[in-house]
Amino acid sequence: MTMRGKAHTFGDHIDTDQIIPAQMLVTIDPVELGKHCMANNDPEFAGKVQPGDIIVAGVNFGCGSSREHAQISIIGCGVSCVIAKGFARIFFRNSINLGLPVLECPEAVDAIEAGDELDVDLSTGTIRNLTRDLTFQAKPYEPFMMEIIEAGGLIEYTKRRLAVAKG
Amino acid sequence: MGMTIAEKILAAHSGRKEVSPGDLINVKVDLVMANDVTAPIAIEQFRKLGVKEVFDKERVVFVPSHFVPARDIATAEQFKVMRDFAKESGIVYYELGQGGIEHILLPWKGHVVPGDVYCGADSHTPTCGALGAFACGMGSTDIAVAMATGEVWMKVPATMRLIYHGKMGKWTRSKDLILNTIGRIGTDGATYMAMQFEGEALKSMSMDARFTMTNMVAEAGGKTGIIPVDEVTLDYVRPRAKHEWTVYEPDPDASYITTYEFDASAIEPTVALPFSPGNTKTISEIAQEDIKIDQVFIGSCTNARMEDLREAAEIMRGKKIAKWVRCIVIPATQDIFKEALKEGLIEVFTESGCQVSAATCGPCLGGHYGVLAEGERCVSTSNRNFPGRMGHSKAEVFLVNPPLAAAAAIAGRIVHPEEVAGKVSAS
Ligand code: SF4
């Protein structure tokens with residue numbers, strides 16, 4: 001699974017209130033939530049993001065509330081994946097469960113400037129900065145998480161598990 | 001090898017003799033919770049699973065709390081989705097006027113007891129770890145799977161040990177210990193870890209005060225926060241427990257990833273400045289800055305229990321809040337509201353010029369009821385002060401303990417409570 005798009009850069013400790021404001025938590029529609037993605041950080045973001053673009057951020061991305069509206073809004077506005085120096089625990093877990101690819105790679109983040117063209121291969125965790133001709137390797141997923149990702153998220157994964165249990 | 005409390009609880013819930021940090025395990029849960037923000041997604045995901053019934057009706061609880069009472073048609077629709085599912089499936093549902101904020105309501109009603117694994121679709125779920133339980137916040141999708149199967153996957157966290165020696169000073173509260181801790185270890189200082197709180201200062205705290213400590217585990221990135229069970233815990237649990245409990249003690253040779261020690265007697269009342277709970281200063285540092293404020297909020301799952309309200313009322317009794325300052329007081333649950341009414345606290349607040357509301361998260365997440373305008377400053381007893389948390393992204397939120405919040409409302413700026421305590425207002 002490969003993704004390709006322009007980098008949009010953010011700082012450290014981007015919390016879920018910045019990703020999707022509480023005022024918007026009254027819908028679970030991806031298109032509607034996508035329109036307000038990052039509204040409390042950069043109100044212009046949702047308007048300028050192109051399908052496939054990539055969010056690049058510092059440490060502790062997605063800290064704060066457990067709202068999955070954060071993932072839904074990121075997916076909804078067309079972002080293909082998030083690369084960060086680190087993720088908050090619940091955000092990371094929700095992303096795997098919902099099928100939003102998230103990659104942890106501090107070195108890549110340090111070498112990416114806003115607007116750089118990036119290419120990500122999820123199966124190998126390879127991040128290529130095409131603008132600067134640099135290649136990085138993200139932290140690999142646990143095999144168990146890879147199974148969830150390959151199933152297309154936790155719901156599909158669980159459905160299969162329940163089917164097997166039933167025989 | 002010895003185990004920590006978190007490890008013992010997880011071992012017992014995964015049918016193993018022993019677990020170690022990093023183990024990926026399937027854990028049986030004793031309780032599953034979702035609120036009005038997270039339940040609608042959980043319900044949708046639950047339906048996709050194709051399962052007909054929840055794993056145990058008594059152990060799945062929905063609590064409308066964030067936008068209660070319905071703010072607009074969209075929130076009313078969300079409540080309807082939740083309520084319809086609850087009716088149909090027979091799970092536990094706390095309607096407005098009978099419930100309140102989940103993290104205060106559920107332990108109070110006896111749904112969580114020592115030794116439980118409790119998963120809630122809300123990041124402040126670790127609050128219940130103050131009862132010696134493993135309480136963990138997750139997203140709606142995990143909760144949907146837990147509702148269906150009674151199980152979740154978990155990675156066993158390493159445990160961070162935090163020991164608070166000594167006795168707290170006159171104006172220092174559990175809120176100050178936890179703010180000071182987050183200031184010291186950072187807002188990602190405990191990411192993926194269980195935080196185990198101990199020490200003399202903890203032992204002398206009421207349950208109300210202990211819940212404030214574990215509530216803010218989320219602000220340090222922690223997976224759960226646990227306080228060992230003692231008589232204070234059991235006195236709280238005995239009259240209300242809905243199921244049996246088990247007390248787990250850490251083994252003497254348990255291993256901890258880090259140990260932090262604090263001198264509680266040296267921790268001053270602490271303020272978290274915008275825009276991070278880790279951006280802390282002591283009240284003496286901040287009182288000199290003459291920070292004028294527009295709003296005070298005394299409420300939230302962090303500090304809106306009886307003890308908090310009593311302390312705030314004690315400061316306000318017989319005084320009026322400052323001109324051009326508005327103060328919103330929200331007891332966390334209907335039961336607390338009733339008790340505050342009986343004790344005369346509601347009268348104290350209203351006589352001082354505060355607006356008192358029935359239980360809701362309200363201003364805490366800027367959803368409704370007291371949203372801030374651009375550039376406004378609010379002193380709040382809640383747990384988060386991120387940009388836009390309580391309204392406009394350029395509104396500023398200062399996190400404090402309840403006496404400090406009450407003192408700020410009277411003075412109209414951030415002051416040491418000593419400055420207003422005992423003084424009777426001229427007006
Ligand atoms: S009071 Fe605030 S922090 Fe607590 S559950 Fe409600 S919104 Fe979340």
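By convention in this document, chain letters (A, B, ...) are assigned in the order of the sequence lines, proteins followed by strands, and residues within each chain are numbered from 1. Note that the structure is predicted; figures quoted are calculated from it, not measured. Below, all heavy atoms of this structure are taken into account, side chains as well, without hydrogens, waters or symmetry copies.
Remark: L49(B) CG is packed, more than 12 non-hydrogen atoms of other residues, nucleotides or ligands lying under 6.0 Å away. Heavy-atom contacts from other residues, nucleotides or ligands closer than 6.0 Å to CD of E53(B) number 12 or fewer. For R128(A), the CZ atom is loosely surrounded, since the number of other residues' heavy atoms within 6.0 Å does not exceed 12. Surrounding NZ of K48(A) are more than 12 heavy atoms belonging to other residues, nucleotides or ligands, all under 6.0 Å away. Within a 6.0 Å radius of CG in D133(A), no more than 12 heavy atoms belonging to other residues, nucleotides or ligands are found. For K85(A), the NZ atom counts as densely surrounded, since its 6.0 Å shell holds more than 12 non-hydrogen atoms of other residues, nucleotides or ligands.
Side-chain atoms of E142(A) and L24(B), non-hydrogen and from C-beta on, do get closer than 4.5 Å to each other. A heavy-atom distance below 4.5 Å is not found between the side chains of Y157(A) and W153(B). Counting heavy atoms from C-beta outward, T27(A) and Q78(B) have side chains that stay 4.5 Å or more apart. With a 4.5 Å cut-off on side-chain heavy atoms, C136(B) and R89(A) count as touching.
Distance alone, capped at 3.5 Å, is enough to place a donor-acceptor pair between the Q23(A) side chain and the G366(B) backbone. Counting only distance, with no hydrogens or angles, the side chain of E68(A) and the backbone of T141(B) share a donor-acceptor pair below 3.5 Å. Here the side chain of N94(A) pairs a donor or acceptor atom with the backbone of G139(B) at under 3.5 angstrom. Between the side chain of R389(B) and the main chain of D17(A), no donor-acceptor pair closer than 3.5 Å is present.
Counting heavy-atom pairs closer than 4.5 Å to chain B, the top-ranked of the candidates T158(A), D15(A), T16(A) is D15(A). Listed options T38(B), D122(B), D142(B) were ranked by heavy-atom pairs under 4.5 angstrom with chain A; first place goes to D142(B). Counting heavy-atom pairs closer than 4.5 Å to chain B, the top-ranked of the candidates R161(A), R93(A), Q18(A), K159(A) is R93(A).
Here OG1 of T125(B) is found 7.0 Å from CD1 of I90(A). Values are rounded to the nearest 0.5 Å. The line from OG of S140(B) to CD1 of I72(A) is 7.5 Å long, rounded to the nearest 0.5 Å. Atom CG of N35(B) is separated from atom OG of S66(A) by 7.0 Å, given to the nearest 0.5 angstrom.
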What do the steps show when you test E156(A) against K48(B) for salt bridge (charged side-chain N to carboxylate O under 4.0 Å, His left out), and what is the final call? CA-CA 9 Å; E156(A) 280 307 314; K48(B) 281 189 204 153; over 6 Å; no
Is there a side-chain contact (heavy atoms from CB on, under 4.5 Å) between I41(B) and H69(A)? Walk through the geometry before answering. CA-CA 9 Å; I41(B) 301 179; H69(A) 308 71; 3.7 Å; yes
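When all heavy atoms of F386(B) and C63(A) are compared, the pair lying nearest together is CZ-SG, 4.5 Å. Contact record, S393(B) with N40(A): CB-OD1, 3.6 Å, taken as the closest heavy-atom pair.
Judged purely by distance below 3.5 Å, without hydrogens or angles, the side chains of H13(A) and T187(B) pair a donor atom with an acceptor atom.
Both the backbone and the side chain of L25(A) have a heavy atom closer than 4.5 Å to some heavy atom of chain B. T149(B) touches chain A through its side chain: at least one heavy atom from C-beta onward sits under 4.5 Å away, while N, CA, C and O do not. Contacts between V145(B) and chain A at a heavy-atom distance below 4.5 Å involve the side chain alone, from C-beta outward. At a 4.5 Å heavy-atom cutoff, F275(B) makes no contact with chain A through either its backbone or its side chain. In this structure, chain B has a heavy atom under 4.5 Å from the backbone of F87(A), while its side chain stays farther away. For chain B, the nearby parts of I155(A) are the backbone and the side chain; heavy atoms of each come within less than 4.5 Å. The contact between I148(A) and chain B is made entirely by side chain atoms (from C-beta outward), counting heavy-atom distances below 4.5 Å. Using a 4.5 Å cut-off between heavy atoms, S65(A) contacts chain B through both its backbone and its side chain. Proximity to chain A is limited to the side chain of E44(B), based on heavy atoms less than 4.5 angstrom apart. When heavy atoms are compared at a cutoff of 4.5 Å, N97(A) approaches chain B by way of both its backbone and its side chain. Looking at T191(B), the atoms closer than 4.5 Å to chain A (heavy atoms on both sides) all sit in the side chain, from C-beta outward.
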